[in-house]
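No experiment lies behind these values; they were computed from the predicted model shown. All chains are named by letter (A, B, ...) in the order of the sequence lines, taking the proteins before the strands, and each is independently numbered beginning at 1.
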4 protein chains.
Amino acid sequence: MKTQRVDMFVSPMGTPSDVSGLQKLADAGKIRPDTLVALVGKTEGTGQHDDWGRVWADVALREWTAKFLSIPVADVAQRVIFVLSGGCPGVITPHIAAVTREMVEVDQPSDEKRLVVGRAGSEPMAPEDVGRMGQIHKVAEATRRAMHDAGLTDPKDVHLVMVKVPGLTVASIRDAESRGETVVSHDLTFGPEGAGSYANDAAALGVALALGEVKESALSDGVVRRKWELYSEVAMTSSGGEKRHGEVVVFGNAAGAQSPLRIGHAVTQDFIDAQGVRNALQSAGIHFNGGLPDEKDMADRLVHVFAKSVIPGSDQVRGQRITLLDDVDAYQIGKALGGMLIASVTGRTTNYVSGGERNSHQGPPGGNIVAAVVRVT
Amino acid sequence: MKTQRVDMFVSPMGTPSDVSGLQKLADAGKIRPDTLVALVGKTEGTGQHDDWGRVWADVALREWTAKFLSIPVADVAQRVIFVLSGGCPGVITPHIAAVTREMVEVDQPSDEKRLVVGRAGSEPMAPEDVGRMGQIHKVAEATRRAMHDAGLTDPKDVHLVMVKVPGLTVASIRDAESRGETVVSHDLTFGPEGAGSYANDAAALGVALALGEVKESALSDGVVRRKWELYSEVAMTSSGGEKRHGEVVVFGNAAGAQSPLRIGHAVTQDFIDAQGVRNALQSAGIHFNGGLPDEKDMADRLVHVFAKSVIPGSDQVRGQRITLLDDVDAYQIGKALGGMLIASVTGRTTNYVSGGERNSHQGPPGGNIVAAVVRVT
Amino acid sequence: MKTQRVDMFVSPMGTPSDVSGLQKLADAGKIRPDTLVALVGKTEGTGQHDDWGRVWADVALREWTAKFLSIPVADVAQRVIFVLSGGCPGVITPHIAAVTREMVEVDQPSDEKRLVVGRAGSEPMAPEDVGRMGQIHKVAEATRRAMHDAGLTDPKDVHLVMVKVPGLTVASIRDAESRGETVVSHDLTFGPEGAGSYANDAAALGVALALGEVKESALSDGVVRRKWELYSEVAMTSSGGEKRHGEVVVFGNAAGAQSPLRIGHAVTQDFIDAQGVRNALQSAGIHFNGGLPDEKDMADRLVHVFAKSVIPGSDQVRGQRITLLDDVDAYQIGKALGGMLIASVTGRTTNYVSGGERNSHQGPPGGNIVAAVVRVT
Amino acid sequence: MKTQRVDMFVSPMGTPSDVSGLQKLADAGKIRPDTLVALVGKTEGTGQHDDWGRVWADVALREWTAKFLSIPVADVAQRVIFVLSGGCPGVITPHIAAVTREMVEVDQPSDEKRLVVGRAGSEPMAPEDVGRMGQIHKVAEATRRAMHDAGLTDPKDVHLVMVKVPGLTVASIRDAESRGETVVSHDLTFGPEGAGSYANDAAALGVALALGEVKESALSDGVVRRKWELYSEVAMTSSGGEKRHGEVVVFGNAAGAQSPLRIGHAVTQDFIDAQGVRNALQSAGIHFNGGLPDEKDMADRLVHVFAKSVIPGSDQVRGQRITLLDDVDAYQIGKALGGMLIASVTGRTTNYVSGGERNSHQGPPGGNIVAAVVRVT
């Protein structure tokens with residue numbers, strides 16, 4: 001029978017356009033044109049919406065991939081999913097993680113669960129869908145198909161779902177309103193009432209719906225960015241105005257897969273919860289001594305950590321006041337703090353940490369999602 | 001015989017001028033006009049040199065103290081030392097720690113070492129002393145007298161030395177140059193060649209000299225902010241243009257003291273070293289389970305943590321590149337990251353964390369000083 | 001008969017709590033407890049909502065005023081209106097303008113129009129009123145009463161209306177929703193969909209309604225922050241969560257008034273329109289040589305300039321793209337730019353310039369309000 | 001005889017990598033591979049030293065130029081000088097100005113002076129030269145050769161000298177010190193004692209020396225960034241660590257030149273001096289009505305304005321205090337304010353405005369350089 005063999009390779013980037021790490025992986029045969037399925041990374045720059053570091057990285061990585069795959073740049077998106085999160089404040093090393101997948105023939109698949117990956121595009125999302133039930137349903141549907149593509153049936157085996165969905169733009173709002181439709185917000189930012197936040201959070205609820213983390217009956221337009229007790233433990237979502245469809249990448253563990261990797265996850269309970277990060281490492285299979293992850297095991301086997309750093313909606317952490325919400329730089333500082341929380345546990349700075357926005361259905365209220373990928377063999 | 005009884009009380013502040021916590025301590029008799037010796041705190045605001053939150057807090061706290069002690073505001077400085085560090089980015093709760101000291105008669109002092117505190121003012125420091133051997137020697141001399149005031153003789157018993165020294169101003173530079181003297185820098189900032197950085201670092205070397213951490217023969221004007229291998233493990237220093245004298249407060253443990261508290265310290269080895277923070281807690285006497293501090297013991301007995309968060313002089317952390325040094329907000333983010341490192345270990349946000357500057361003789365290259373005060377009884 | 005005699009005195013402030021300028025005015029008899037009606041100023045600090053420079057200035061000025069008027073601090077608000085705008089980025093000198101008013105007996109009032117000032121408080125505004133018709137109507141009504149208080153009947157004689165209204169808070173939103181009401185926004189910021197922006201803009205439309213600049217039939221909840229062609233040429237508004245009532249201060253010229261001052265105003269057509277600033281000076285009576293204001297006349301007679309610096313809603317200025325809207329510091333930079341536009345025309349930096357928000361019904365789309373007060377005699 | 005024919009074309013850029021404007025100029029034959037001599041522009045981005053917008057623009061423009069000239073990218077620098085100034089805060093439109101030069105045969109050159117341009121590279125500059133007499137002399141020498149290349153002999157005919165020189169890097173400091181040499185500063189920033197500032201200012205003094213604005217006897221290492229009364233009225237300088245040689249481009253007017261353009265300049269007397277900007281326009285030949293430039297003449301004939309916006313070294317502007325020097329964003333805001341000062345006079349936002357640093361020998365103390373290029377025919 002055919003099963004997946006998935007691998008993941010993390011390369012630091014020296015500048016936004018540094019593709020030398022990818023090229024080395026290609027030269028070494030670790031990534032091949034027919035196996036590369038996703039590039040997920042952190043790019044240096046301001047992390048703001050006009051972050052030219054991220055834009056330049058996107059252009060450079062797509063150009064490299066087009067050459068590598070010998071296809072036009074415009075066709076790259078159909079072959080390889082790009083998730084580039086801008087901004088590496090503090091102790092987040094700019095890097096790119098290449099994900100490869102191939103189908104291998106096995107006689108007798110083992111029972112042990114190993115990493116698999118699945119992808120799916122969603123139905124087109126109209127501007128009036130954004131941040132609402134329309135978007136939730138379409139993401140849920142695509143998540144189910146991505147699980148199928150991954151060969152996953154039990155939601156418990158899903159440990160990370162990365163989603164990209166359309167947000168709103170001046171043009172798409174005009175389009176919707178010219179057709180007599182309304183939109184969820186006229187604020188195009190990722191602020192508390194921003195369209196970008198609504199899009200991200202509808203996408204997270206879509207994942208939660210597909211995985212049974214939230215019941216359909218609990219969902220309505222009105223709960224998005226209002227009922228924070230509804231959330232996904234595994235959805236990391238982003239949105240961009242220029243897109244028309246959603247894209248979903250599911251990571252999980254499946255019996256029989258031939259991958260040398262396994263994934264696990266956990267959530268932090270609040271913004272300073274290092275134990276939540278350790279739980280994610282343990283879930284993925286890192287060995288522990290006493291309460292701490294074994295440093296040598298991490299050095300030898302920890303492939304990568306993916307974490308959100310959404311800042312809390314409250315100014316209280318464990319009953320004490322913090323001033324982060326008042327900070328004009330909260331977005332930047334919030335992301336940096338997530339980077340430190342992860343790095344102080346993993347002992348390395350090459351972690352994928354995105355976030356900075358305030359409150360989210362990605363993870364529990366005040367807490368955040370952490371997923372870890374570990375090399376088994 | 002007479003021995004010290006020192007106590008410390010930490011109150012969160014709701015605004016820069018919030019003295020309600022101090023008033024409650026006063027009302028409860030925990031701090032008295034004749035026992036209050038120091039107020040050390042973090043104030044909310046920008047943390048920049050024109051941080052009006054810090055200035056307002058300073059004014060409000062001095063006014064409260066003057067009333068409490070029934071003395072004019074101008075005389076407060078002779079009775080109570082103020083160390084207010086501006087800026088609470090991220091997860092640092094604005095707070096004030098009141099330190100009290102009284103001399104108590106004991107028949108038979110125990111052998112157990114307990115917290116003592118000592119203070120001393122330095123000789124006047126001329127502008128041409130700032131950041132140079134003149135300042136180093138005067139701080140060393142005052143440190144020795146503060147140790148004496150604390151009843152400490154062995155440098156190993158000293159765990160924290162807080163120092164405030166004069167920096168430079170436009171006026172003091174003019175004064176020095178009009179007398180034919182030179183000054184260490186015309187840059188009045190805390191940048192890499194800033195007078196504020198030189199002053200802080202000369203003060204740190206002064207402490208190091210007094211405590212024997214650095215030999216006199218290793219010191220010269222030329223090593224300040226050049227030879228980073230010379231440093232103190234216990235000096236936390238600050239400087240301000242308006243001062244003429246240095247002030248030194250020494251915290252240590254002395255046999256026979258009747259204080260209910262004990263202090264310990266450690267240094268982090270690099271910017272993400274959570275183990276260094278744990279070592280400081282252990283040094284002070286917090287119980288550990290496996291590799292982690294016991295949460296209940298911390299909740300019951302940990303009084304306060306004092307930490308620096310100097311950012312590294314290199315763009316490498318454990319061999320990986322970070323972009324922090326390039327960040328225009330490095331000062332702010334660096335301080336915030338230190339706050340997260342401490343909070344993620346102590347499980348609380350009311351920690352004293354100052355820093356943000358780049359490189360220092362306060363702590364080893366790339367690492368930082370962490371001191372912890374624990375209630376023994 | 002009795003007519004008004006209004007005067008205005010501008011004092012720079014050396015720090016947020018510097019009341020020495022006011023004290024000098026008081027010592028010189030220029031402001032008296034029975035004549036002081038308003039303090040309008042720019043305070044140094046971040047200009048953000050947690051700007052401690054502004055808060056400290058507010059506290060210090062109220063304390064000084066309470067002493068000056070020999071009344072409790074809590075009663076100051078009933079006697080003197082405070083309009084303190086935080087943030088002096090660039091070339092805006094921190095300052096306070098004291099406005100005095102007294103009623104003087106005249107036998108034969110002259111026909112010449114001179115400065116008058118009127119004040120009124122509004123009806124209480126519920127959270128559900130904020131940013132909607134309820135607020136618009138209550139501000140309009142108060143504006144009419146303030147005009148009456150000023151002795152003004154013709155809207156053409158009104159040149160500046162300063163308004164402060166309640167915004168929303170977490171608590172007031174909860175209150176409204178618990179009563180089954182909705183609120184205009186859950187975003188508490190001054191962002192494009194922020195409650196603060198809605199409150200400011202409803203207040204501006206209230207002024208426009210009272211002055212006949214906008215017809216009642218053109219107004220509805222739906223036009224606020226949507227139909228930018230509806231605006232006031234004279235309304236400068238601000239909002240704060242802690243208030244329950246609106247406050248309105250009207251400045252205009254009335255025949256018979258005995259004031260030594262006259263006010264005028266104009267609007268800029270776009271963000272770089274220096275001619276609009278010059279028009280305001282000319283409207284107030286500054287002499288011109290060729291196209292430029294006479295510098296000596298400005299030095300001798302220009303008392304003060306009040307200007308908004310709302311940033312445009314479009315990224316185009318005179319057909320050319322600017323990147324200001326993308327700038328994470330747009331609020332700060334937008335305010336600074338307004339300060340430069342005014343200072344480069346008046347030749348002084350002690351100008352009242354508030355703003356930084358994006359789009360407003362205060363002034364025409366892309367343009368801003370400028371009012372000038374000139375000494376006549 | 002042969003004389004120069006110089007032209008200049010300004011294209012807005014829609015993104016950092018937007019070369020469409022240049023391509024249109026190429027397609028229209030306005031710029032040719034054999035005539036293009038310089039590209040001078042403002043790029044969008046942070047304006048900080050790790051401004052990826054500027055870096056990306058540099059890469060994209062060099063790649064386009066290499067294709068246009070049919071040469072390798074590495075050879076572009078020998079043919080075309082690039083001066084890209086990062087950061088367009090406020091009302092500065094990102095743009096690129098292409099400068100062309102060709103030698104044309106004329107029978108009888110007219111007496112009228114028209115725009116000429118000259119270029120020269122300097123001798124190599126060692127790290128120990130940077131910010132000192134070595135750099136001053138080498139820039140002066142290159143300036144004289146660039147004048148010669150331009151066909152200019154009288155310094156009065158020189159209106160703009162753009163210079164790029166080496167700054168310092170960690171590596172070049174190490175190199176110098178390993179040879180027993182000292183360097184001007186260990187601070188690599190553009191702060192008040194930063195190596196970048198010293199390099200820029202030594203370059204400015206080099207121009208001043210070449211043009212006779214400053215006497216050689218007045219110069220020494222000790223005057224750089226100390227004696228502000230020594231300055232050039234026409235030098236706009238920048239520095240970068242990676243360079244080894246200086247580059248100089250001189251713009252002036254020469255009798256006989258066949259260019260359709262003329263250049264003029266003036267300096268502002270202080271930071272809000274709009275009259276200084278108008279003087280520059282008048283110097284270049286813009287017509288004035290009363291005291292104001294004729295708007296139609298500006299629209300028809302003004303080709304471009306080049307201006308510095310160095311922030312003052314003092315906190316006083318015309319006797320009034322400003323808080324700009326205390327502002328953590330002074331660099332950004334200072335640049336933005338210069339953009340407004342120019343735009344409010346020229347009525348357009350496509351102006352070259354660089355600056356933000358504090359104090360300079362580029363222009364008089366507190367004031368700035370403004371040069372204008374006008375189309376004559």
Problem set entry | Among the listed options A:Gly90, A:Pro12, A:Ala330, A:Pro89, the residue most often paired with chain B at heavy-atom distances under 4.5 Å |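 Winner by heavy-atom pair count: A:Gly90.
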Exercise. Out of A:Ile92, A:Val277, A:Leu324, A:Val328, which one racks up the most heavy-atom pairs below 4.5 Å with chain B?
Worked result: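 Between A:Ile92, A:Val277, A:Leu324, A:Val328, the count favours A:Leu324.
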Exercise. So, for B:Gly347 and A:Ile272, which heavy atoms are closest and what is the spacing to 0.1 Å?
Worked result: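 For B:Gly347 versus A:Ile272, the nearest heavy atoms are C-CD1, 3.7 Å.
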Anything under 3.5 Å between chain A and chain B that's a donor-acceptor pair? List each one with its distance, please.
residue: A:Met13; atom: O; partner: B:Arg321; partner atom: NH2; Å: 2.8
residue: A:Gly14; atom: O; partner: B:Arg321; partner atom: NH2; Å: 3.1
residue: A:Glu44; atom: OE1; partner: B:Arg321; partner atom: NH1; Å: 3.2
residue: A:Glu44; atom: OE2; partner: B:Arg321; partner atom: NH2; Å: 2.6
residue: A:Cys88; atom: O; partner: B:Thr323; partner atom: OG1; Å: 3.1
residue: A:Thr93; atom: OG1; partner: B:Arg321; partner atom: O; Å: 2.7
residue: A:Arg318; atom: NH1; partner: B:Gly347; partner atom: O; Å: 3.4
residue: A:Gln320; atom: OE1; partner: B:Thr349; partner atom: N; Å: 2.7
residue: A:Gln320; atom: OE1; partner: B:Thr349; partner atom: OG1; Å: 3.0
residue: A:Gln320; atom: NE2; partner: B:Thr350; partner atom: OG1; Å: 2.5
residue: A:Arg321; atom: O; partner: B:Thr93; partner atom: OG1; Å: 2.7
residue: A:Arg321; atom: NH1; partner: B:Glu44; partner atom: OE1; Å: 3.3
residue: A:Arg321; atom: NH2; partner: B:Met13; partner atom: O; Å: 2.8
residue: A:Arg321; atom: NH2; partner: B:Gly14; partner atom: O; Å: 3.1
residue: A:Arg321; atom: NH2; partner: B:Glu44; partner atom: OE2; Å: 2.6
residue: A:Thr323; atom: OG1; partner: B:Cys88; partner atom: O; Å: 3.1
residue: A:Gly347; atom: O; partner: B:Arg318; partner atom: NH1; Å: 3.4
residue: A:Thr349; atom: N; partner: B:Gln320; partner atom: OE1; Å: 2.7
residue: A:Thr349; atom: OG1; partner: B:Gln320; partner atom: OE1; Å: 3.0
residue: A:Thr350; atom: OG1; partner: B:Gln320; partner atom: NE2; Å: 2.5

For this session: Could you check which of B:Leu325, B:Val317, B:Leu341, B:Ile311 has the highest count of heavy-atom pairs closer than 4.5 Å to chain A?
Result: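 Highest number of pairs under 4.5 Å: B:Leu341.
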Exercise. Under a 4.5 Å heavy-atom cutoff, which of B:Ala343, B:Gly290, B:Cys88 has the most pairs with chain A?
Worked result: B:Ala343
